[in-house]
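As the structure is a computational prediction, the values presented were derived from the model and not from experiment. A, B, ... follow the sequence lines: proteins, then strands. Residue 1 opens every chain.
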2 protein chains.
Amino acid sequence: MRQISPYISVDCVLFGYNGSELEVLIVDRTLKDDNSDELIINDRTLTGNHVYEDETIEDAAYRVLFDLTGLDSVFLEQFKTFANPDRLKRPNDQLWLQRTNRNPDARIVTVGFYSLVATDKVKLIWKGRNVNWVPVKEVGELAFDHNEILQEALKTLRLRIKYEPITFELLPEKFTLTQLQNVYEAIWGIELDKRNFRKKIARMKYLITLDEKQTGVAHKPARLYVFSREVYTKTKKELFDFTI
Amino acid sequence: MRQISPYISVDCVLFGYNGSELEVLIVDRTLKDDNSDELIINDRTLTGNHVYEDETIEDAAYRVLFDLTGLDSVFLEQFKTFANPDRLKRPNDQLWLQRTNRNPDARIVTVGFYSLVATDKVKLIWKGRNVNWVPVKEVGELAFDHNEILQEALKTLRLRIKYEPITFELLPEKFTLTQLQNVYEAIWGIELDKRNFRKKIARMKYLITLDEKQTGVAHKPARLYVFSREVYTKTKKELFDFTI
DNA sequence: AATACTTAGTGTTTTTTTTACACTTACGAG
DNA sequence: CTCGTAAGTGTAAAAAAAACACTAAGTATT
């Protein structure tokens, strides 16, 4: 029997992109009263998980993602650890811990990871719970300290895409330049100039133009591109600057 | 009696700058054989500490630094968490844990913090142990997973100084532009052009020129500058770019 | 008093990057 | 066939980056 660590957990901020907005995966947390059928808890969380005693935290985070998405090679990065002694002390959280057979007094350290997936690659299933993509802007109050975790993940993401070519993770394998530009715009919440964006992109040798076009769109079809990790690895400088 | 958390610790990578090289604070770890006076352990570690049950990890890290340096307002930032189940399993580490009355089988999650201080501000004292500034390049093998922790801290530092004005933390309050340039050179391990560096610096309104000069140097004395956090806070853009 | 030594401090030119900005093209829908 | 929609393209001006060498102002040495 594999032992669960009673004091470490991982929380995954799974970012998705649906073609127009940056979204995040949110799980409903509901708890019914034992007697009546009334919901005594009905709120939302990020996806999290326990860590097995013999498991690395990275593996635990991959496990969450695999269970959720069926994907086993998603981008995943640790961004911050949350260990405030009071982080699970709000009434609903205490109640939840009790009813799910955990020690409500334990101090649980959670390591935050964020991941990036193209929303449409994913069919969502998770432990029978209700999971939804929610635009980051429309995420309301979350349980535990999950609003803080989400904000920190977003901060890391906004900075990281300046340096590392990870925006592709949010797109289908073949994508158009407009889609790529939209991803930056969605993450930073700003608008970019199309021509200047393309000039910048043109310098990146690891963006490979395919001999292929969009089909089935009611306008001029766009060219498709792929990201070549091979070219990227070969050509990247030590302190890569991806600033757009 | 304040309870110590048996499974969380903090490790602090304390970077210092001595005027020419980037250094890091290293602690000697020695253990004598009970019978003979022979040293059975004689190696080196970063500075770490336990966390009290009712204490945030940030406070624990500040506590390490205060104990070490007597300073209570050093720059400190969390950078990564290390939780590999095997991280304390090497023979010397196991022995050390036994002899210092800790459970060698426990899985201890450590949260890495890095801090920046001007080496000469600090008089080192720590729990009667021998502590030394060591140039980052000359740090040899460290105990536990501390080499990995140091490398990750360095990676974070190298990136962070592109975005945030934290290099001043490694200098005396009043400093010269050459000193500032040397800090960037020491951290990145590259040489920068003096004139181009100064042109870049001239754009930063929060670097205040003082009406004061170096004294006691056997050459033309340099002007002194201070960093104004007030001006910085007022003028910084959302996505600040400190690239040099 | 003169000279040597050392680091401070400064400007220009060229190249690259950024910014601002508007029209034509290719497809499907009706 | 025409309408609607997003794709795709160039230029000029401004800003930033890169390359590059000499003079100035102190202390130390003789």
Side-chain angles (χ1 to χ4, degrees), chain A residues 17-21 161-163 171-172 174-186 188 190-205 207-226 235 237-244, chain B residues 17-21 161-163 165 171-172 174-186 188 190-205 207-226 235-244:
Chain A
Y17 179 69
N18 60 9
S20 69
E21 282 180 300
I161 62 171
K162 293 189 124 198
Y163 283 114
L171 291 170
K174 301 174 182 182
F175 52 86
T176 70
L177 294 187
T178 301
Q179 289 173 329
L180 185 60
Q181 179 177 339
N182 286 342
V183 169
Y184 283 96
E185 291 178 334
W188 284 332
I190 57 172
E191 298 210 336
L192 299 170
D193 178 89
K194 180 160 63 159
R195 278 181 287 192
N196 294 338
F197 180 82
R198 282 162 188 245
K199 238 177 297 175
K200 184 121 193 173
I201 286 296
R203 274 181 245 135
M204 302 175 176
K205 304 295 186 218
L207 262 193
I208 313 293
T209 316
L210 296 178
D211 215 9
E212 239 180 295
K213 296 190 172 184
Q214 272 182 318
T215 52
V217 289
H219 54 76
K220 180 171 178 177
R223 273 193 224 147
L224 295 176
Y225 291 77
V226 290
T235 60
K237 299 174 229 146
E238 184 65 24
L239 284 168
F240 181 72
D241 192 344
F242 203 80
T243 309
I244 292 222
Chain B
Y17 179 69
N18 62 8
S20 69
E21 281 181 300
I161 61 171
K162 293 189 124 197
Y163 283 115
L171 291 170
K174 300 174 183 181
F175 52 86
T176 70
L177 294 187
T178 301
Q179 289 173 328
L180 185 60
Q181 181 178 339
N182 286 343
V183 169
Y184 283 95
E185 291 178 335
W188 284 331
I190 57 171
E191 297 210 337
L192 299 169
D193 178 87
K194 180 158 66 159
R195 280 179 286 192
N196 293 339
F197 180 83
R198 283 163 188 244
K199 239 177 293 176
K200 184 119 192 173
I201 286 297
R203 273 181 246 136
M204 302 176 175
K205 303 297 184 218
L207 263 193
I208 312 292
T209 316
L210 296 178
D211 213 8
E212 238 179 297
K213 296 188 173 184
Q214 271 183 318
T215 52
V217 287
H219 55 76
K220 178 172 177 177
R223 272 194 224 148
L224 295 175
Y225 291 75
V226 290
T235 59
K236 78 166 168 176
K237 299 174 229 146
E238 185 64 25
L239 282 168
F240 181 73
D241 192 345
F242 203 79
T243 310
I244 292 223

>> Holding to salt bridge (charged side-chain N to carboxylate O under 4.0 Å, His left out), I want the full list of residues that pass it with B/Lys174, two or more places apart in sequence or in another chain.
In response: B/Glu212
> Got a sec, which residues hit side chain to side chain donor-acceptor pair (under 3.5 Å) with B/Gln181, two or more places apart in sequence or on another chain?
Replying inline: B/Glu185
>> Run the side chain to side chain contact (heavy atoms under 4.5 Å, CB included) test against A/Gln179 and tell me which residues pass, sequence neighbours left out.
In response: A/Leu171, A/Phe175, A/Thr176
> Once you round it to whole Å, what is the distance between C1' of C/dA22 and CG of A/Asn196?
Replying inline: 13 Å
Taking N or O atoms only and anything under 3.5 Å, show me the protein contacts with nucleotides 26-29 of chain D, one pair per line.
residue, atom, partner, partner atom, Å
D/dG26, N2, B/Ala218, O, 2.6

> What is the distance, rounded to the nearest whole Å, between atom CD1 of B/Ile201 and atom P of C/dT10?
Replying inline: 14 Å
> Would one find a side-chain N or O of B/Arg223 under 4.0 angstrom from OP1 or OP2 of D/dA24?
Replying inline: no
> With sequence neighbours left out, what residues match A/Thr209 under side chain to side chain contact (heavy atoms under 4.5 Å, CB included)?
Replying inline: A/Arg223, A/Tyr225
>> I need the A/Ile190 CD1 to A/Tyr184 OH distance, nearest 0.5 Å.
In response: 11.5 Å
>> Using whole Å, what does the distance between atom P of nucleotide D/dA6 and atom CD of A/Gln214 come to?
In response: 11 Å
>> Rounded to whole Å, please give me the gap between NZ in B/Lys194 and C1' in D/dA17.
In response: 19 Å
> Which of the following nucleotides, C/dT18, D/dG10, C/dG9, is nearest to the side chain of A/Lys200?
Replying inline: C/dT18
> Considering only side-chain heavy atoms of B/Arg198, which listed nucleotide, D/dG8, D/dG10, C/dG9, is closest?
Replying inline: C/dG9
> Whole-Å distance between C/dC27 P and A/Leu224 CG?
Replying inline: 13 Å
> Please give, in whole Å, the distance from C/dC21 C1' to A/Glu191 CD?
Replying inline: 15 Å
>> Under 3.5 Å, is there any donor-acceptor pair linking the side chain of A/Lys199 to the base of D/dT9?
In response: no
>> Tell me whether the side-chain N/O atoms of B/Thr178 come closer than 4.0 Å to OP1 or OP2 in C/dA8.
In response: yes
> Starting at CG of A/Asp193 and ending at P of D/dT9, how long is that distance when rounded to a whole Å?
Replying inline: 14 Å
> What pairs with B/Arg198 under side chain to side chain contact (heavy atoms under 4.5 Å, CB included), at least two apart in sequence or on another chain?
Replying inline: B/Leu177, B/Thr178, B/Lys194
>> Using side-chain heavy atoms (C-beta onward) and a distance below 4.5 Å, is A/His219 in contact with A/Gln214?
In response: yes
> Is there a donor and acceptor pair closer than 3.5 Å between the side chain of B/Arg195 and the base of D/dA21?
Replying inline: yes
> What's the CE-P distance between A/Met204 and C/dT17, to the nearest Å?
Replying inline: 11 Å
